[in-house]
Amino acid sequence: MASDGSGEFKLVSPTINNEGRLPRHHTDEGQGAKKNISPPLEWYNLPEGTKSLAVVVEDIDAPDPDGPIVPWTHWVVVNIPPTVKGLPEGFSGKEEEMGGDYKGIKEGNNDWKVPGWRGPRLPTHGHRFQFKLYALDDELNLGNKVTKEKTLEAIEGHVLGEAVLMAKF
């Protein structure tokens, strides 16, 4: 059951309420060691047949210097086994160290061209951050360099369900 008692496939974070604010320590504007810490995520009610999960986090209000709004990728995580019920705070970069079911999880490159979580540092605040969790009917084989584009292409036809969490910064 989801924390609200429904049977809905759901993505939540103990530090972010839906439509809530992204806490400062998850951003690049935090202080010292208390910045760019990947947020904890939890999910409930995986669709039947789920073999792996993928997470894509984007600033959906990021402006392109040439004018249009172009989503900016902050985090890509693939091949999360269905036995894992969430990612703990500060998970990014520690999948090998954590071992167990976390060991096979792979983090892709964000739009800064480096793997793992990278929090926002914005000239203007009020941007919406979309955390999207995909339940998939198979694991992804994306090679060494995982990106949002490769992930979204590979999951076509394999998505059993999607869950979204929104945050503001």
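One-based numbering along the sequence shown. Keep in mind the model is a prediction, meaning the values are calculated, not measured.
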Q: Could you check if a side-chain atom of Leu11 sits within less than 4.5 angstrom of a side-chain atom of Val164, using non-hydrogen atoms only?
A: no
Q | Flag side-chain contact, heavy atom, 4.5 Å: Pro14 against Pro40 | A | yes
(Q) For Leu53 versus Ala135, what's the shortest heavy-atom pair and its separation? (A) CD2-CA, 3.7 Å
Q) Is the backbone N or O of Lys168 less than 3.5 Å from a side-chain atom of Arg128, with the two atoms forming a donor-acceptor pair by type? A) no
Q.
Angle between ring planes, Trp117 versus Phe131, binned at 30° and 60°: parallel, tilted or perpendicular?
A. parallel
Q: Could you grab the distance from atom CD of Glu96 to atom NZ of Lys106, nearest 0.5 Å is fine?
A: 9.0 Å
Q.
For the residue pair Ser38 / His26, report whether a side-chain donor-acceptor contact shorter than 3.5 Å exists.
A. no
Q) Which heavy-atom pair separates Thr27 from Pro120 by the least distance, and what is that distance? A) CB-O, 3.4 Å
Q | Whether Lys10 side chain and Gly7 backbone form a donor-acceptor pair below 3.5 Å | A | no
(Q) Ignoring hydrogens, what is the shortest heavy-atom contact between Pro23 and Ile16? Give both atom names and the distance. (A) CD-CG1, 3.9 Å
Q. What's the verdict on salt bridge (Lys or Arg N to Asp or Glu O under 4.0 Å) for Lys103 and Glu95, showing C-alpha distance, side-chain angles and the deciding distance?
A. CA-CA 5 Å; Lys103 194 171 182 183; Glu95 51 274 19; over 6 Å; no
Q: Would you indicate whether the side-chain heavy atoms of Tyr102 and Pro88 approach each other to under 4.5 Å?
A: yes
Q: Using a 4.5 Å cut-off on heavy atoms from C-beta on, say whether the side chain of Glu107 contacts that of Ser92.
A: yes
**Q.** Pair Glu58 + Lys132, salt bridge at N-O below 4.0 Å
**A.** no
**Q.** Interatomic distance, Phe129 atom CZ to Trp75 atom CH2 [nearest 0.5 angstrom]
**A.** 14.0 Å
Q) Are the side chains of Met166 and Ile60 in touch, meaning some heavy atoms are under 4.5 Å apart? A) yes
Q | side-chain contact (heavy atoms from CB on, under 4.5 Å) partner of Trp43, the single match among Leu165, Thr50, Ile80 | A | Ile80
Q | Exam field: side chain Lys35 to backbone Gly119, donor-acceptor pair closer than 3.5 Å | A | no
Q | Any donor-acceptor N or O pair under 3.5 Å, side chains His74, Asn110 | A | no
Q.
Quick check on the hydrophobic clustering: are Val55 and Leu160 connected, directly or via other members, by side-chain heavy-atom contacts under 4.5 Å?
A. no
Q: Would you check if the side chain of Asp111 reaches a backbone N or O of Thr73 as a donor-acceptor pair within less than 3.5 Å?
A: yes
Q. Is it the case that Glu89 and His25 place a side-chain donor and acceptor less than 3.5 Å from each other?
A. yes
Q | Asp138/Lys51 ion pair, N-O < 4.0 Å | A | no
**Q.** Co-members of the apolar cluster containing Trp72 [side chain, <4.5 Å]
**A.** Trp112, Val114
Q. Ile37 and Val57: same hydrophobic cluster, using ILVMFWY side-chain contacts below 4.5 Å?
A. no
Q. Transitive ILVMFWY cluster of Ile155 at side-chain heavy atoms under 4.5 Å: who else is in it?
A. Val56, Val76, Val78, Tyr134, Leu136, Leu140, Leu142, Val146, Leu152, Val159
(Q) Please give me the minimum heavy-atom distance between Lys148 and Pro71, naming the atom from each residue. (A) NZ-O, 4.3 Å
Q: Keeping the roles fixed (side chain from Asn45, backbone from Glu8), state whether a donor-acceptor pair exists under 3.5 Å.
A: yes
**Q.** Closest non-hydrogen atom pair, Ala54 against Thr151
**A.** CB-CG2, 4.4 Å
(Q) Please report the interatomic distance CG(Leu87) to CG(Leu41), rounded to the nearest 0.5 Å. (A) 5.5 Å
Q | Min side-chain heavy-atom separation Val12-Tyr44 under 4.5 Å | A | yes
Q | Any donor-acceptor pair under 3.5 Å from Lys113 side chain to Asn109 backbone | A | no
**Q.** Glu149: salt bridge (Lys or Arg N to Asp or Glu O under 4.0 Å) partners, not counting sequence neighbours
**A.** none
(Q) Taking the side chain as everything from C-beta on, heavy atoms only, tell me whether Phe169 gets closer than 4.5 Å to Asp61. (A) no
Q | Separation of His127 NE2 from Gln130 CD (nearest 0.5 Å) | A | 15.0 Å
Q) Are the side chains of Glu97 and Lys94 in touch, meaning some heavy atoms are under 4.5 Å apart? A) yes
